[in-house]
There are 2 protein chains.
Amino acid sequence: MQQASSWFFELQKIICDRFEQVERAHADSESAAASKKTRTTRRAGLEGEGGGGIMAKFKQGAVFEKAGVNCSEVFGILGEKAQGSLSSSKELPGLEQDPRFWAAGISLVCHMRNPLVPAVHMNTRMFWTPIRCWFGGGTDLNPAIEFAEDTEHFHAVLKGCCDRYSPGFHQSCKEWADRYFFIRHRNRPRGVGGVFFDDLNSGDWERDFAFVKSLGIAFLDSWLPIVERRQTMAWTDSHRETQLAHRGAYVEFNLIQDRGTRFGLETGHDPDAVLMSLPPLASWP
Amino acid sequence: MQQASSWFFELQKIICDRFEQVERAHADSESAAASKKTRTTRRAGLEGEGGGGIMAKFKQGAVFEKAGVNCSEVFGILGEKAQGSLSSSKELPGLEQDPRFWAAGISLVCHMRNPLVPAVHMNTRMFWTPIRCWFGGGTDLNPAIEFAEDTEHFHAVLKGCCDRYSPGFHQSCKEWADRYFFIRHRNRPRGVGGVFFDDLNSGDWERDFAFVKSLGIAFLDSWLPIVERRQTMAWTDSHRETQLAHRGAYVEFNLIQDRGTRFGLETGHDPDAVLMSLPPLASWP
């Protein structure tokens, strides 16, 4: 558990450093956004409840209009509602008798200044309950205006990473992402997908953990080249309008459907940290 | 049922006419927003399922940045999830055996151009199930920047209307509004409250219906004088920022907690009509 938790905080540092490099490369020295780190805490309801994390936020940068890279480690007793939003595919019998849990993870969302640069989400986490422990996570690309070659590149890098873990694994993760990142009430995908997995426990913890680590790094390789490719392209007011409306649907998904958001709010984590994923500006025209 | 449904569509016309008057009084002839009416339909899943309504939308006006005044009449079979979001305080035993329903209502949300003019919501509706029929509704004021005299005026007019129905009724409706329009994860009210009621069935349908009608008209008297008082006041960028962030929390409430929104999405109504309540622009800075 300690090893996983340390990794998520280490990955946060790696990612923030890379994002700051990108900002510096594209901004005037004054307007480059640096990440601002804040310690977050989870409301401690009962004895043995608690945890917290570090929320790193980029605000009004030249490249990153708003980005949040959150790490947290939380533990306690799962309430009934949170039990329902905990696991997506496995029943956890016996959790009613001993509803202790521990979880750590990293969660990241980037909303970009240039409407031609796709927004992105990435998240990996480890859960522990007395019955079972597992990894989960995923990443998905959310272009307001899609470029086919960006989508291809994103999927290709993720496939490479998944293939090194297990052949066939990418196919199932990609299909799961297509099912998960789907805005039900609008009957359309929220973006162009990526990978999603949950309840990952092959019986070989070290191997599963190595995959989760490699996915964190693969994410950077899947997305940053797209940022570099699109950031300097000229965009119009009409692109911006498309972007803001696209973000509106993203907000709908996160608040209505996203399990991580529900889990965070229901277990009493800092709402500003949980809702860091929401865009700086969104429209419903 | 026919009488109630006709009233909601009549009230929609009254309200749209008044809003258009307000627009014309404050706008250049070109920029006055007129309501654009669209027929909406509910997805008909099974035989005997259906309904629809009229969505009236004001867009980018001088006074109304975005306003939606929706009427609908829907009927069919309640799915399990929708049964849960149907009624706020009464158990409806027997609904599993005969889950037919009919509902009609009017629902209105106004997001205003001038950040000193409060946003407002109003909704009244009638529900019928084989077991019970009832009225519900409410209205609440959502200033980004509060003026005490506006809040007082709003509550005073609503109190007058409720008092004519029954003494003590306003107190309970106001308290219900304070409980209902409360953003749980932020531990704060969404606005300054108003009135909320549900499961209204005193045994005298005519009297209950008369109250629902009078509340629709009282809403105009409670809010339009505030619009007139604030619309011509000068506002700053900082007021606008406050307004956009206030709208962000409003979006959170509507998508996470609002029963009407959940009911609409879960019974397959047109998502653009259900989500008409969302603001034209909102921020999460």
Side-chain angles (χ1 to χ4, degrees), chain A residues 33 36 42-43 55 57-61 65-68 81-82 84-85 109 111 119 183-188 240-241 243-245 247-259 261-285, chain B residues 33 36 42-43 55 57-60 65-68 79 81-82 84-85 109 111 119 183-188 240-241 243-245 247-259 261-285:
Chain A
K36 209 185 129 189
R42 184 172 158 260
R43 183 185 64 210
M55 167 166 83
K57 188 171 174 179
F58 291 78
K59 228 177 121 169
Q60 300 299 341
E65 189 178 338
K66 177 180 171 185
K81 274 177 99 176
S85 56
V109 173
H111 296 285
I183 307 176
R184 285 194 295 263
H185 60 275
R186 297 207 176 267
N187 196 32
R188 71 159 179 82
R240 177 69 171 169
E241 276 168 32
Q243 181 193 42
L244 295 181
R247 287 179 180 172
Y250 191 89
V251 170
E252 293 170 20
F253 178 89
N254 278 28
L255 297 181
I256 296 177
Q257 286 178 229
D258 188 60
R259 275 194 18 244
T261 304
R262 278 173 51 200
F263 181 80
L265 296 178
E266 279 157 11
T267 56
H269 204 78
D270 183 338
D272 285 322
V274 177
L275 299 175
M276 173 68 99
S277 63
L278 300 179
L281 205 62
S283 75
W284 287 269
Chain B
K36 208 184 132 191
R42 183 170 160 262
R43 182 185 64 211
M55 167 165 85
K57 187 171 176 179
F58 291 79
K59 227 176 123 170
Q60 301 297 341
E65 189 177 337
K66 177 181 170 186
K81 275 176 100 177
S85 55
V109 173
H111 296 285
I183 306 176
R184 285 194 294 264
H185 60 275
R186 297 209 175 265
N187 197 34
R188 71 160 179 81
R240 177 68 171 170
E241 276 169 31
Q243 182 194 40
L244 295 181
R247 287 179 181 172
Y250 191 90
V251 170
E252 292 170 20
F253 178 90
N254 277 29
L255 297 182
I256 296 176
Q257 288 178 230
D258 188 61
R259 276 191 20 242
T261 304
R262 277 173 51 202
F263 181 81
L265 296 177
E266 280 158 10
T267 55
H269 203 80
D270 182 339
D272 285 321
V274 176
L275 299 175
M276 172 69 97
S277 62
L278 300 180
L281 205 62
S283 75
W284 286 269

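Letters A, B, ... are given to chains in the order of the sequence lines, protein chains preceding strands, and every chain is numbered from 1.
- If you measure heavy-atom distances from A:Leu244 to chain B, the contacts under 4.5 Å come from the side chain alone.
- Atom OG1 of A:Thr261 sits about 8.0 Å away from atom CD1 of B:Ile256, to the nearest 0.5 Å.
- Across every non-hydrogen atom of B:Ala282 and A:Trp284, the tightest pair is CB-CZ3, 4.2 Å.
- The greatest number of non-hydrogen atom pairs below 4.5 Å with chain B, out of A:Gly248, A:Pro280, A:Ala245, is found for A:Pro280.
- For B:Pro271, the side chain to side chain contact (heavy atoms under 4.5 Å, CB included) partners are A:His185, A:Arg186, B:Leu265, not counting sequence neighbours.
- Among B:Asn254, B:Val251, B:Leu278, the single residue meeting the side-chain contact (heavy atoms from CB on, under 4.5 Å) criterion with A:Glu252 is B:Leu278.
- Here the CG atom belonging to B:Leu255 is positioned 11.0 Å from the CD atom belonging to A:Gln257, to the nearest 0.5 angstrom.
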